[in-house]
Novice: 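Let me begin by handing over the structure; questions about it come next.
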Amino acid sequence: MQAHSLHGFFLNSAHTLRGPDQPFLMKKVQGAYTQISFGDVLSSIDAIASTLHDMGLRKGDRVAFILENSPEYILFDQACLKLGLVNASLYPTLSESEIEYILKDSESKAILVGTPFLLRRILGIDERGTSLQHIFTVFDIESQEKVMSAKNVIEHGKQKQSEYASTIQEIFNSIHEDDLASLIYTSGTTGVPKGVMLSHGNFMSNAKAAKTIVSNIGPDDVFLSFLPLCHVFERLASYYLSTYIGGTIAFAEGIETIATNIKEVRPTVMASVPRLLERIYDRVQKMALADGGLKSKIFLWAFSQGDAKRLLNEDGKQPGALLSIKLAIADKLVFSKIRERMGGRMRIVVSGGAALYPHVGIFFKNLDILVLEGYGLTETSPLVSVNEFERQVYGTVGRVAPGCTVAIQNPDTKEMHTVQTYETFDKNFTCPEGEILVKGPNVMHGYLNKPEATAEVMDADGWFHTGDVGTFHKGYLKITDRIKNMIVNSFGKNVYPTPIENQYSKSTKIEQIFLIGDKREFLTAIIVPSKDDIKEIFKKNDAFFEEVDPFIPDQDIHDWIEQDMKQLEKDLAKFERVKNFIVKRQPFSVEAGEFTMTQKVKRKFVEAKYKDAIDAMYY
């Protein structure tokens with residue numbers, strides 16, 4: 001079946017790749033995971049579509065979504081896609097003013113709400129004036145003016161299906177790849193959110209590209225979904241990709257239950273952010289090495305065998321007989337036990353949203369769990385590049401995706417260093433550093449209601465200017481940093497903070513690190529230590545982390561962190577080394593205004609907030 005829209009992907013999976021009786025969604029209900037079949041999902045989608053049409057919602061109208069990941073998100077999204085409605089998703093954790101801005105900017109006519117708390121917020125905003133005509137709730141509630149539960153939406157739709165079936169089919173047939181599918185608002189480190197306009201074709205081209213470059217995923221795969229569906233990464237990597245290949249999606253109960261849910265669901269594929277993988281790595285390292293002795297020696301020996309295999313693979317070679325025997329022993333004694341904690345079937349983790357530390361990727365590679373680091377932005381739907389299943393080069397973000405064109409441009413002279421595609425791939429190719437530019441069917445249709453902002457990033461030749469600095473290494477794209485993150489020290493030396501932060505973050509003592517040094521003589525840092533380590537080693541309780549002073553003055557803790565930093569900075573140039581640092585009591589967070597919703601530090605905000613403490617490091 002040739003799909004002409006995103007809902008067509010789902011129909012192809014339901015009728016061709018799988019079957020109506022096969023499981024599509026999994027949700028935990030009363031302590032156990034239950035399956036929802038393609039047939040049951042399709043029945044609900046058709047009923048919801050009938051209600052939305054009966055309520056007067058028409059092609060191009062916006063429907064806002066503000067809820068956590070759940071089957072209802074997908075049911076309503078698929079109904080919207082079938083009718084040509086546009087999903088305008090909001091993070092449930094946004095402030096009331098941000099929610100109000102997005103509802104008004106998107107001119108949403110309906111909204112799907114996840115909790116009673118959020119409903120109260122939406123009703124309060126609506127009293128001040130919005131375009132909302134209908135409010136749907138995931139939870140049960142008595143119907144009232146504008147408000148109807150999802151359960152009642154489905155019941156009402158079933159009564160209207162026969163009346164609207166032919167009309168809805170005509171609408172669905174009229175939808176093509178250039179029609180808008182979603183508005184995703186960028187959180188941004190500065191300024192107001194911008195609504196990125198993404199079409200059916202944007203997402204469809206991305207799903208097809210992902211399948212081409214990671215070819216061994218298919219209908220037998222089970223995806224564990226825990227990153228927010230309101231973010232472009234999870235929307236594509238778990239949801240739309242699953243509908244394209246016929247996979248099954250299981251919803252985690254929450255970020256805090258992932259360790260339990262992985263064992264229950266036993267997924268084969270998962271989209272993740274690096275921080276979760278780092279925590280798994282840190283935990284395993286500490287458990288294996290804490291007591292020393294034979295257990296630690298076996299652990300280190302096993303991973304040395306894994307390293308030997310990985311280095312052979314990178315050169316296109318396979319292990320010999322002796323190494324194969326050693327690997328089998330290492331797997332039995334160490335690797336299989338760690339894999340079992342991740343469900344026992346995990347094959348692929350797609351990592352995005354931030355830089356992955358190479359040593360973390362290598363750790364999972366040794367376990368035969370491939371962490372495929374990729375690169376993309378909301379504006380590119382998001383996939384631009386990803387490491388291939390057959391070849392991983394850690395520290396890079398992989399091969400340019402099929403259909404996508406990537407250029408590296410000198411930001412000063414505007415000279416193009418190179419233009420690369422999937423077809424021009426050369427595993428030995430390298431080039432000078434510059435800004436990453438992107439063209440292709442995955443690039444957005446612009447920012448809603450912001451032609452000037454669109455013109456700032458889309459040039460006359462159709463290139464999207466990402467604002468990221470990168471190069472090509474061994475044929476794969478490699479990200480250096482954001483242009484706006486660049487530090488220029490008082491000697492005029494350009495310093496990109498992210499690679500330096502990544503080097504220091506190899507220490508398990510460091511939870512987060514933030515570099516400072518723009519227009520200053522040397523680099524300093526704000527460091528958030530591992531809370532568990534501080535509690536265990538320095539015998540601190542929770543109250544210690546709640547004290548009023550945001551920084552920890554204890555010299556013993558400072559010296560303990562500095563021990564690792566002195567070792568790690570040996571691989572850095574002298575001007576890249578941190579000369580002084582302060583230890584922050586609480587992690588940087590969204591709630592404190594220090595992080596964007598996608599966990600990127602708001603550098604200017606943080607520097608202003610802690611100006612006095614930062615200045616003191618230079619006296």
Side-chain angles (χ1 to χ4, degrees), residues 1-27 33-46 48-49 69-82 87 172 175 177 181-182 200-227 229 232-252 262 265-271 343 345-350 370 372 374 381 383 386 388-389 401-403 442:
M1 180 188 292
Q2 183 65 39
H4 56 85
S5 70
L6 284 165
H7 183 59
F9 275 1
F10 171 78
L11 292 177
N12 187 50
S13 287
H15 296 302
T16 305
L17 297 178
R18 297 288 297 281
D21 61 332
Q22 294 296 304
F24 172 47
L25 303 177
M26 295 173 64
K27 179 184 178 182
Y33 270 91
T34 59
Q35 298 179 342
I36 308 173
S37 69
F38 277 95
D40 287 343
V41 168
L42 182 57
S43 175
S44 295
I45 291 167
D46 288 342
I48 293 167
N69 294 9
S70 66
E72 289 81 6
Y73 187 104
I74 289 180
L75 299 180
F76 273 78
D77 183 59
Q78 285 292 324
C80 288
L81 294 171
K82 186 165 192 167
N87 173 335
F172 172 60
I175 298 167
E177 293 188 6
S182 186
H200 288 257
N202 288 150
F203 284 117
M204 292 170 73
S205 69
N206 246 212
K208 292 173 183 177
K211 169 61 176 170
T212 299
I213 210 164
V214 189
S215 58
N216 69 328
I217 52 174
D220 294 332
D221 279 306
V222 177
F223 291 70
L224 182 66
S225 175
F226 70 92
L227 298 177
L229 282 166
V232 70
F233 178 39
E234 182 73 5
R235 187 91 64 87
L236 185 282
S238 291
Y239 171 21
Y240 291 147
L241 181 57
S242 289
T243 62
Y244 178 56
I245 66 171
T248 299
I249 305 169
F251 294 104
I262 281 179
V265 172
R266 303 185 69 237
T268 59
V269 183
M270 182 174 76
R345 299 194 304 170
M346 189 74 75
R347 297 185 302 117
I348 298 171
V349 178
V350 182
L370 294 184
L372 304 182
S381 313
L383 180 62
V386 68
E388 298 170 284
F389 182 83
N442 56 324

Novice: About how many Å separate CG of Leu370 and CZ of Phe389, when rounded to the nearest 0.5 Å?
Specialist: 5.0 Å
Novice: Quick one: does Pro71's side chain get under 4.5 Å of Phe251's, heavy atoms only?
Specialist: yes
Novice: Does Asn442 offer a backbone N or O that forms a donor-acceptor pair with the side chain of Asn206 under 3.5 Å?
Specialist: no
Novice: Between Ser225 and Asn69, is any side-chain donor less than 3.5 angstrom from a side-chain acceptor?
Specialist: yes
Novice: Roughly how far apart are Leu6 CG and Glu177 CD, rounded to 0.5 Å?
Specialist: 9.0 Å
Novice: Once side chain to side chain contact (heavy atoms under 4.5 Å, CB included) is applied, do any residues pair with Ser44, and if so which ones, sequence neighbours excluded?
Specialist: Leu75, Ile154
Novice: Under the ring pair (Phe, Tyr, Trp, His ring centres under 6.0 Å) rule, collect the residues that match up with Tyr73, sequence neighbours excluded.
Specialist: Phe65
Novice: What residues form a side chain to side chain contact (heavy atoms under 4.5 Å, CB included) with Thr34, not counting sequence neighbours?
Specialist: Val29
Novice: Under the rule for salt bridge (charged side-chain N to carboxylate O under 4.0 Å, His left out), what residues qualify as partners of Glu388, not counting sequence neighbours?
Specialist: Arg399
Novice: Please tell me if the side chains of Met270 and Phe226 come closer than 4.5 Å, counting only heavy atoms from C-beta onward.
Specialist: yes
Novice: Please, which pairs that meet side-chain hydrogen bond (donor to acceptor under 3.5 Å, both in side chains) have at least one residue in residues 236-250, sequence neighbours excluded?
Specialist: Arg18-Thr248, Asp77-Tyr239, Asp77-Tyr240, Gln78-Tyr239, Glu234-Ser238
Novice: Output, in order, the C-alpha distance, side-chain angles, deciding distance and verdict of side chain to side chain contact (heavy atoms under 4.5 Å, CB included) for Leu42 and Phe24.
Specialist: CA-CA 10 Å; Leu42 182 57; Phe24 172 47; over 6 Å; no
Novice: With Ser205, which residues qualify under side-chain hydrogen bond (donor to acceptor under 3.5 Å, both in side chains), at least two apart?
Specialist: none
Novice: Can you list everything that forms a side chain to side chain contact (heavy atoms under 4.5 Å, CB included) with Ser5? Sequence neighbours excluded, please.
Specialist: His7, Phe172, Ile175, His200
Novice: Looking only at non-hydrogen atoms, find the nearest pair between Arg345 and Val265 and report the distance.
Specialist: NH2-O, 3.8 Å
Novice: Of all residues at least two apart in sequence or in a different chain, which pass the side chain to side chain contact (heavy atoms under 4.5 Å, CB included) check with Asp221?
Specialist: Ile217, Phe223, Thr268, Val269, Arg347
Novice: If you round to the nearest 0.5 Å, how far is CG of Asn12 from CG of Leu17?
Specialist: 4.5 Å
Novice: Nearest 0.5 Å please: distance from the CZ atom of Arg266 over to the CE atom of Met346.
Specialist: 11.0 Å
Novice: Quick one: does Asn87's side chain have a donor or acceptor within less than 3.5 Å of a partner on Cys80's backbone?
Specialist: no
Novice: Say you draw a straight line from CZ of Phe203 to CZ of Arg235; how long is it, rounded to the nearest 0.5 Å?
Specialist: 5.0 Å
Novice: Atom CD1 in Ile45, atom CG in Leu11: separation rounded to 0.5 Å?
Specialist: 7.5 Å
